[in-house]
Amino acid sequence: MTETRLRFPPSPTGYLHIGGARTALYNWLYAKKTGGKLILRIEDTDTERSTDESIKGILEGLEWLGITFDEGPYFQTDFTGEHIAAAQRLLAEGKAYKCFCKKEDLDAKREAALAAKATLGYDRTCRDLTAVRVAEKEAEGLPYVVRFKVPDRTGMLGYDDKVLGRIECSYKEVDDFVILRSNGKPLYLLCNVVDDIRDRITHIIRGQDHMTNTTRQVLLYEALNAPLPVFAHIPLTLDTKKSKISKRSHGEIVAVHFYRDHGFIPWAFNNFLVLLGWNPGNDQEIFSREELIEAFTLERINKSSAVFNFRKDDPKFFTDPKAISINEQYLRTMEISELAPMVQKVLEEEGIWNEAYAGAQKEWFFSTIALIRDRFHTLKDFASLGRAYFADDYVIDDKPLQKNVLKFDQLKVWLPTLADRFEQLESFDIEETERVARELADELEIKPGVLINAMRTVVTGQLAGPSMFDILVVIGKEKVVRRLRGAGRLFPAASL
Ligand code: GLU
């Protein structure tokens, strides 16, 4: 069997968005599954819209996702000579022709066809010009484009799509399309095929929005005497209103960098992406890298469009709830040793990383992550909801402050008392701290919950979290005592 060779060829005219990332992932998975190669090609022929900034963003996005390439990046514009040569070859072999029709004339014919509700398309005026006529027009200096000569055949033109099955249309439906502009520049449609032939691409996995190109490209493969690759057109990603997702209508939420910047775990995000248009045939939702490579098949790519469930109206879900839920599952179950470097990065970004967490306090750092991760949605939560574990400048949420602290004025005395008793403890462990807190509650004839809830609020800033006595031990005696002792400042000055 020949080696499978796949490619991801983004046009660098914007950032890497969800749809592009999913295409890259499917290609990567299939290359891995078949032991093949994946090639990165930057399709920068549209020089007016291509930017270096976009190339940088796309490369960063792919790197963040962990999508690696075996070859490239190649740049399409480096092969312009080859693209032109291919057009010249088709011309020389009579498979393409020079078209001198003026734009105004073509536009007028189009208008007329529209008005008459006739089929639109090039009427082949120049297709059968004699060599003498062509030479005359050229001598006159008339500009021309080069058009591909769609064969006059009665049968059907088509290909077997791995996702959609046989795709066909009649030859008559395909226009003699332009392959070289009057300024001598080759068209994208041709460049794409020439590059895929040169790169010996065996499988093309791309969005269904490219299907109109594919029909014409099938003809180019034949004309250039190249074997047809396998095509797999994947469904588009739509929003809940069935419109195509785009930056214009949805903003940054469709960009891969949005997920990186919001603290998503890269593989968890891939796991979300793969399910946006592919199904394993059972209800498994979480896949390790190896499991996914094993399970992934082109045949299980869905035929119908995928829905990106972006609920703008619900602030609780700042993106598709499924993306969040998958990320949460990874947060809860990943090996701490794998999670720790990601948490480190977030803490570094927030300026609350301590080098000791990677050295003398490494064990503490790991057990803290293990203790607090259960309620978190993203990595960012380690620095926000979990800030009190790593820094003293955490914010105390207003809701628990009102409910658990300010409601009981005496807490401004009780909490410092508790601090004093904790300070006396020789062994600041779960049993001892719990015993002391319960004893004090008994003495004060209050429910232990009053002290416990107040402690949680003051020490962590949060309403909910892991078991309070686990928290105390993790945060440590010195900080706990200091925070409880300082609780008085939370009360309005007048009540002091
Ligand atoms: N450059 C095209 C795009 O970014 C990809 C074309 C292809 O996959 O053949 O949409």
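Order of appearance sets the numbers: ligands from 1, and atoms from 1 within every ligand. Keep in mind it's a predicted model, so treat the numbers as computed, not measured. Computation of the quantities below employed the complete heavy-atom set of this structure, encompassing side-chain atoms and omitting hydrogens, waters and symmetry-equivalent molecules.
- Salt bridge Lys185/Asp46: absent, no basic N to carboxylate O contact under 4.0 Å.
- Note on residues 52-69: pairs passing salt bridge (Lys or Arg N to Asp or Glu O under 4.0 Å), not counting sequence neighbours, are Lys56-Glu60, Glu60-Arg260.
- Residue pairs meeting the salt bridge (Lys or Arg N to Asp or Glu O under 4.0 Å) criterion with at least one member in residues 284-293, sequence neighbours excluded: Glu285-Lys322.
- Counting only residues at least two apart or in different chains, ring-ring contact (aromatic ring centres under 6.0 Å, His included) contacts with residues 76-120 comprise Phe100-Tyr144.
- Side-chain contact, Asn327 with His377: no donor N or O sits under 3.5 Å from an acceptor N or O.
- In this model, no donor atom of one side chain and acceptor atom of the other lie less than 3.5 Å apart for Thr240 and Asn309.
- Using a heavy-atom distance under 4.0 Å as the criterion, the protein contacts of ligand 1 are Arg7, Pro9, Pro10, Ser11, Glu43, Tyr188, Asn192, Arg206, His210.
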